[in-house]
J.: 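The structure is given below, and queries will be raised subsequently.
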2 protein chains.
Amino acid sequence: MEAIDSLVKLLSRLPGIGGKSASRIAYHLIASDEGYNSRLAESIASIKSRIHFCPVCGAYSEGGECEYCSNPNRERNLLCIVEQPQDVITIASSGIYNGLFHVLGGAINPMDGVGPDQLSFASLKKRVAGGSFTEIIIATNPTEEGDTTALYIRQLLKDCDVSITRLAAGLPIGGDLEYADRLTLARSIRGRISFR
Amino acid sequence: MEAIDSLVKLLSRLPGIGGKSASRIAYHLIASDEGYNSRLAESIASIKSRIHFCPVCGAYSEGGECEYCSNPNRERNLLCIVEQPQDVITIASSGIYNGLFHVLGGAINPMDGVGPDQLSFASLKKRVAGGSFTEIIIATNPTEEGDTTALYIRQLLKDCDVSITRLAAGLPIGGDLEYADRLTLARSIRGRISFR
């Protein structure tokens, strides 16, 4: 049936949604409340026009400076550097970090043609040189690209008078050694910390 | 951010989509092509008005009789009884069955207040009494409700001159005894078949 098939096809292009889940969602939508369907459709149709990027840090914003840059209660001497706008939300909603952010827009990845010029290093340099930060926390992903990017940032900011830290990588809390992958295990051994 | 939060909330009401997947999908939509978003939104908004139910068998239809009832190439002496319209698609797309269907609209479930009166047994009785079927295949789910419903159908059609069969239940092909649940294992032992 064309109507169902085309909906399933569109749904299965979403991340984490395979053919089976897409069908299940389509049947759910056929059976669900008309009002819900139109609210969902309207929300999907308008999301791109409602979300902008903060001109200062690059985080998502509903217009103008983002809720972090414009919030006087955040610690303005801390800067956390992340790859993507959604990483800002992840870190902010952890409730552990109360400083500002800087979104790079990705990580250095020569294989995919992403060099330093495509990322927001120029504005990062300018913000840090501005001098109000005492610590820069590099929160790029614990991947080869994230590591390369972290090294690049260290080099970029080597003349700035700030401390530079990086998120700890190692075994996930609640995990089990048996299920740790080799790379995570290697990182947690190399990065082992003093315990007495 | 209100726009993202409300989209995430709506998405997480879909079956199989938790909070994390909903966020992931929302970020994907923010970053994805405007044209795709509006096609998806339009497809979701219109699906209920585009899908109808076949007046004969209760399967999904885009108007009038469904593609199965109206297809002269299907075997008109076989009738497969299922609980839900989507079960028709699942069985039809397996390619193994080429007969007609009858959708009950659910299974007998007194705990949820679903009695025989809410299901399409009257039209089932009339179709079968019409006399063109030689075999009725009961394809209700292998659950307590599906079993109850199958027993009810057997009773309902006891005076009709047709053979009545039910889908085999047991170990899934490619599965492993070790991972079979107790009920499935019990059913596959009780329903064991002669092998010589």
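Labels below follow one simple rule: chain letters A, B, ... track the order of the sequence lines, proteins then strands, and each chain is numbered from 1. Just so you know, these numbers come straight off a predicted model, no measurement behind them.
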J.: Hey, what do you get for CG (Leu14(B)) to OG (Ser21(A)), rounding to the nearest 0.5 Å?
T.: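 Here the rounded value is 11.0 Å.
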J.: With chain A, which of Glu2(B), Lys9(B), Gln84(B) has the greatest number of heavy-atom pairs at distances under 4.5 Å?
T.: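 Heavy-atom pair counts peak at Glu2(B).
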J.: Could you check which of Ser32(B), Ser38(B), Ala31(B) has the highest count of heavy-atom pairs closer than 4.5 Å to chain A?
T.: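 Maximum pair count with chain A is reached by Ser32(B).
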J.: Is Glu34(A) in contact with chain B via its backbone, its side chain, both, or neither, using a 4.5 Å heavy-atom distance?
T.: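 Its backbone and side chain both get close to chain B.
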J.: Side chain, backbone, both or neither: which part of Glu62(B) has a heavy atom under 4.5 Å from chain A?
T.: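 Interface part for Glu62(B): both.
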J.: How far does CD1 of Ile47(A) sit from CG of Leu7(B), to the nearest 0.5 angstrom?
T.: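 Spacing of CD1 (Ile47(A)) from CG (Leu7(B)) equals 5.0 Å.
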J.: Mind checking the CD-CD1 spacing from Gln86(B) to Ile4(A)? Nearest 0.5 Å is all I need.
T.: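 Nearest 0.5 Å value for the CD-CD1 distance: 9.0 Å.
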J.: Nearest 0.5 angstrom please: Ile25(B) CD1 to Ile17(A) CD1, how far?
T.: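 One finds 4.0 Å between CD1 of Ile25(B) and CD1 of Ile17(A).
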J.: Tell me, for Ser61(A) versus chain B, whether the close heavy atoms (under 4.5 Å) come from the side chain, the backbone, both or neither.
T.: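 Just the backbone, heavy atoms under 4.5 Å.
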J.: Rounded to the nearest 0.5 Å, how far apart are CG of Leu29(B) and CD1 of Ile51(A)?
T.: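 That separation rounds to 11.5 Å.
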J.: With a sphere of 6.0 Å drawn around CZ of Arg76(B), does it hold more than 12 non-hydrogen atoms of other residues, nucleotides or ligands?
T.: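 Correct, the count exceeds 12.
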J.: Would you say CD of Glu135(B) has more than 12 non-hydrogen atoms from neighbouring residues, nucleotides or ligands within 6.0 angstrom?
T.: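 More than 12 within 6.0 Å, yes.
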J.: Any idea which of Pro15(B), Ser6(B), Ser46(B) has the most non-hydrogen atom pairs under 4.5 angstrom with chain A?
T.: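 Maximum pair count with chain A is reached by Pro15(B).
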J.: Could you have a look at Asn37(B), Ile89(B), Leu10(B) and say which one has the most heavy-atom pairs with chain A under 4.5 angstrom?
T.: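 The answer is Leu10(B).
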J.: Between Ser43(B), Ala45(B), Ala3(B), which shows the greatest number of heavy-atom pairs under 4.5 Å with chain A?
T.: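 Highest number of pairs under 4.5 Å: Ala3(B).
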